[in-house]
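Naming convention: chains lettered A, B, ... in sequence-line order (proteins, then strands); numbering from 1 in each chain. In this text the structure is predicted, and so the values were computed from the model without any measurement.
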Number of protein chains: 2
Amino acid sequence: MGKETLSPTSAALLRAAGIKVTQPRLAVLDALRAAARPMSHAELEALLVEIDRVTLYRILDAFVRHGLASKAADARGVFRFAARDAQREHGGHVHFRCETCGGVFCLSAPPPAPPRLPRGFLLAEAEFDLRGTCAQCAKARR
Amino acid sequence: MGKETLSPTSAALLRAAGIKVTQPRLAVLDALRAAARPMSHAELEALLVEIDRVTLYRILDAFVRHGLASKAADARGVFRFAARDAQREHGGHVHFRCETCGGVFCLSAPPPAPPRLPRGFLLAEAEFDLRGTCAQCAKARR
DNA sequence: CCCTTAAATGCAACAATGTTGCATTTGCGG
DNA sequence: CCGCAAATGCAACATTGTTGCATTTAAGGG
C-alpha cells in the first residue's frame, strides 16, 4: 500500500468509542463516512433498507452520545447526522441550507470568530448559517 | 402623548400586508409581537387556547408568506416564529440555541458579513448560530 | 470452542409535529 | 344589507421521533 491516507476502519472507530461492533452499526458508520453531506434519518433509511427504522434512530443516537457523529436540525427542522471525522475535515465551514429541498451545502469561506457569551453559557458549536435557495431549486422554480 | 415609539396596530399591519383582519390573526400577531423570543407552535397554542391547532399553523404560514413573521427551526428541530418588526429591531443579532431546552437567545454581538455564494444560490437570510447549553440548563445539569 | 450475559436489534405501539380535504362561518367590498 | 371569496374549525392523515418488550448477537471467561 502506497501513500493513501490510512484512515481507521469503521470497526476500529466503534471499538475506540467503546461500543459493540455490529453489522448495522458498521453499515451506518460507513454510510455516514462516505456521505459528502450531513444525512437525514430518512436518507439513511432509504440507503440501508435492511436496518430497522428504530434501530437506525438508536444507532445514530449512540454515535452522537459516543462522539462518533454530530446531529443538527436543517432548515426544515429535520435532523441531519455527520460522521465526526468527516466533519472535522469540514470543520469550521460555513453552511448554506436550502429552504426548498432542505439540502445542506458546505461553503469554502472561513467561519467568523464566535463572540463572547453571557455568564454560564456553554458553547458546543458555532455555525455560520446561510439560508435561501440553492442553485438547483432556484432554477427549478422558474 | 409624549415621545413613545408609536408602533402600528396589529390590525394595520395585517391590512398593510393585504390579508384579512380576523380575531385569530390579531391574537396571534399580538402574541408574536409581545413575545421576547421566537415562539414555537406549541407555545402559541398553549397561549391562545381558543384558536384551533390547524388554524394556528395556517395563520403562521400566512404571516410568513406575507412577510409579517419569520420561521426557523431551533436546535431541536422545532419551528419558531417571530414577528418581523420585532425581529427587525433585533435584526442582525447572533443567536444562541440551547440544545437542552431548545430556547433561543439573542446575543448583542454584531453579526459577521456573509461570504460570497456559489453561482445560482439565492441568499434569504444569514444567521450566526451558536449551539450549546444555556446558563439555566447548565446549572440544572449539575 | 462453547457458554453466559449484557448489549443490541427488531417489532409493535405510541407521541409529537405538521398537512390535507371539506363543510361552515366571517370579513369586507359592492 | 348581500354575496362571495377567504378564513376558520374539525376530522383524518402523514411524517418524524420515542418507548416497551421479546429475541438475537457480540465479546469475554471457562
Taking only residues two or more places apart in sequence, or in another chain, which ones meet A/Ser10 in a side chain to side chain contact (heavy atoms under 4.5 Å, CB included)? A/Leu26, A/Leu29, A/Asp30, A/Arg33
A side-chain contact here means heavy atoms from C-beta on lying under 4.5 Å apart; do B/Leu60 and B/Val64 qualify? no
Are any of the side-chain heavy atoms of B/Leu14 and B/Thr22 separated by less than 4.5 Å? no
Going from CG on B/Leu32 to CG on B/Leu13, what distance comes out if it is rounded to the nearest 0.5 angstrom? 11.5 Å
Distance in Å, A/Glu45 CD paired with A/Leu56 CG, rounded so as to fall on 0.5 Å steps: 6.5 Å
[X] [atom1] to [N] [atom2]: how many Å, rounded?
X       : N      : atom1 : atom2 : value
A/Arg76 : C/dG18 : CZ    : C1'   : 13 Å
A/Asp74 : C/dG18 : CG    : P     : 13 Å
A/Lys20 : C/dA8  : NZ    : P     : 6 Å
B/Glu45 : C/dG18 : CD    : P     : 10 Å

Mind telling me whether B/His41 and B/Tyr57 have parallel, tilted or perpendicular rings, with 30° and 60° as the class edges?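 The arrangement is parallel - the two ring planes meet at less than 30°.
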Please tell me which of A/Thr22 and A/Phe79 maps to the more 5' nucleotide of DNA chain D, matching each residue to the nucleotide holding its nearest heavy atom.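 Upstream on the strand: A/Phe79.
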Between A/Phe81 and A/Phe63, is the ring centre distance below 6.0 Å?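 Between A/Phe81 and A/Phe63, the centre distance exceeds or equals 6.0 Å.
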So the contacted stretch of DNA chain D, first to last nucleotide with an atom under 4.0 Å from a non-hydrogen atom of chain B, runs from D/dA5 to D/dA11
Mind running a 4.0 Å heavy-atom check of residues 52-60 of chain A against DNA chain C and sending the residues that fall below it, in number order?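 Only A/Asp52, A/Val54, A/Thr55, A/Arg58, A/Ile59 qualify.
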Just checking B/Glu50: does its CD atom have more than 12 heavy atoms from other residues, nucleotides or ligands closer to it than 6.0 angstrom? yes
